[in-house]
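I have placed the structure first, in the form of C-alpha cells, so that the comments after it can refer back to it.
None of these values were measured; they are calculated from a predicted model. By convention here, the first residue in the shown sequence is residue 1.
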Amino acid sequence: MKKSWILIIAIVMIAGLSACGNNAENSNMEHSAMSHSGSGEIPAGLKEEPNPTYKPGSQAVIQEGHMPGMKGAVATIVGAYKTTAYVVDYTPTNGGEKVRGHKWVIQQEMKDAGEKELQPGAQVVLNADHMPGMMGATAEIVSAEQTTVYMVDYTPTNGGAPVKNHMWVTESELSPAESKSTSGNSENSTDGMKGMNH
C-alpha cells in the first residue's frame with residue numbers, strides 16, 4: 001500500500017513538472033513569435049520591385065506596431081517586392097486562440113491562390129510560418145491591398161533582441177529615416193501613445 005502511495009505521489013509530481021515545462025515552452029514560443037525573425041527565404045513566384053521607394057540597404061522608420069517595439073524603429077530594407085498583401089483572420093493549427101487582423105500575408109503565401117486578387121470573406125490555406133501554428137491554417141481574407149512589401153531588419157524600440165528578415169511591412173507603413181530626426185518630441189510621444197493601442 002505504501003509503495004502505491006509513493007508511486008501516485010511520484011506520478012503527480014512528474015505531471016506537475018511537465019506542465020511547468022509545457023508552460024515555459026509555450027511562453028518561449030510566444031516570445032519567439034514576437035521576435036518575428038525569419039529565414040529570409042522568399043516565397044516561390046514573388047518578384048522583386050525593380051524601382052522601390054525604399055531600396056535594399058537603405059533605412060526607413062516603421063510607422064506601424066504589429067508587435068511591441070516595432071513602431072518608431074529604424075529598419076534596414078532587406079528586399080522589396082510587388083504583390084498583394086492581405087489582412088487575415090485564422091485559427092492556429094497548434095490549438096492557439098483565433099488570430100484576428102493579422103498583417104500581412106501575401107498572395108504567394110496562400111495555397112493555390114493563383115494571381116487573381118482574393119476578395120474579403122474568401123477562405124484560404126496559409127503557406128506561411130510567420131507565427132507558430134500559421135503554416136497550414138485556414139484563414140479568411142479581411143482586406144487586400146496591392147502594394148510593395150518589404151522584408152526588413154530592425155532593433156525594437158523597447159530594448160528587445162534585433163529582428164532579422166521580418167516579413168512583411170507595406171510601403172504605407174514606412175517613412176523616410178530622415179523624418180525621425182526632424183520630427184518634434186511631442187509628435188514622437190504621441191506616436192508612442194498610439195502604439196500602445198496595437
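- Of all heavy-atom pairs between Ala144 and Thr84, the closest is CB-CG2, 4.0 Å.
- Note on residues 74-91: pairs passing salt bridge (Lys or Arg N to Asp or Glu O under 4.0 Å), not counting sequence neighbours, are Asp89-Arg100.
- For Pro156, the side-chain contact (heavy atoms from CB on, under 4.5 Å) partners at least two apart in sequence or on another chain are Tyr154, Asn158, Val163.
- When side chains are defined from C-beta on, His130 counts as touching Trp168, because their heavy atoms get closer than 4.5 Å.
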**Request:** Run the numbers on Met134 and Val99 for side-chain contact (heavy atoms from CB on, under 4.5 Å), then give the verdict.
**Result:** CA-CA 10 Å; Met134 183 180 246; Val99 176; over 6 Å; no
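- Listed by chain and number, the residues in a ring-ring contact (aromatic ring centres under 6.0 Å, His included) with Tyr86 amount to none (sequence neighbours excluded).
- Under the side-chain hydrogen bond (donor to acceptor under 3.5 Å, both in side chains) criterion, the residue pairs touching residues 135-144 are Gln123-Glu140, with sequence neighbours excluded.
- Between Thr83 and the choices Gln108, Gln107, Lys47, the side chain to side chain donor-acceptor pair (under 3.5 Å) rule is met once, by Gln108.
- Here the side chains of Met167 and Asn165 are not in contact, with every heavy-atom distance at 4.5 Å or above.
- Using bins of under 30°, 30° to 60° and over 60° for the plane-to-plane angle, the ring pair His102/Tyr90 lands in the perpendicular bin.
- Checked against side-chain hydrogen bond (donor to acceptor under 3.5 Å, both in side chains), Glu49 has no partners two or more places apart in sequence or in another chain.
- Summarising the geometry, atom CG belonging to Asp129 is positioned 8.5 Å from atom CD belonging to Glu109; distances are rounded to the nearest 0.5 Å.
- Within the 4.5 Å cutoff, the side chain of Tyr150 has no heavy atoms near those of the Pro56 side chain.
- For Pro120, the side-chain contact (heavy atoms from CB on, under 4.5 Å) criterion is met by no residue, not counting sequence neighbours.
- When every heavy atom of Thr170 is checked against every heavy atom of Ala85, the shortest pair comes out as CG2-CB, 4.2 Å.
- Around CD of Glu117, the count of heavy atoms belonging to other residues, nucleotides or ligands within 6.0 Å exceeds 12.
- Val88 is listed as a side-chain neighbour of Met110, based on a closest heavy-atom distance under 4.5 Å.
- Leu126 places none of its side-chain heavy atoms less than 4.5 Å from the side chain of Lys111.
- Looking only at distances, a side-chain donor or acceptor of Lys71 sits under 3.5 Å from a matching main-chain atom of Gln63.
- Between the CD atom of Glu64 and the NZ atom of Lys103 there is a distance of 5.0 Å, given to the nearest 0.5 Å.
- Taking all atoms of both residues into account, the shortest heavy-atom contact from Gly96 to Thr91 is O-CG2, 4.2 Å.
- Cluster annotation: Ile42 is connected to Val78 through the hydrophobic network of ILVMFWY side chains, with a link wherever side-chain heavy atoms come within less than 4.5 Å.
- Nearest heavy atom pair, residue Val152 against residue Ala75, reads CB-CB, 3.9 Å.
- Closest approach of Thr148 to Ala80, counting heavy atoms only: CG2-CB, 4.0 Å.
- The closest side-chain heavy-atom distance from Leu46 to Ile106 is below 4.5 Å.
- Side chains of Thr147 and Glu171: a donor-acceptor N/O pair is absent below 3.5 angstrom, by distance only.
- Leu174 has its side chain within reach of Ile77: a pair of non-hydrogen atoms, C-beta onward, lies under 4.5 Å apart.
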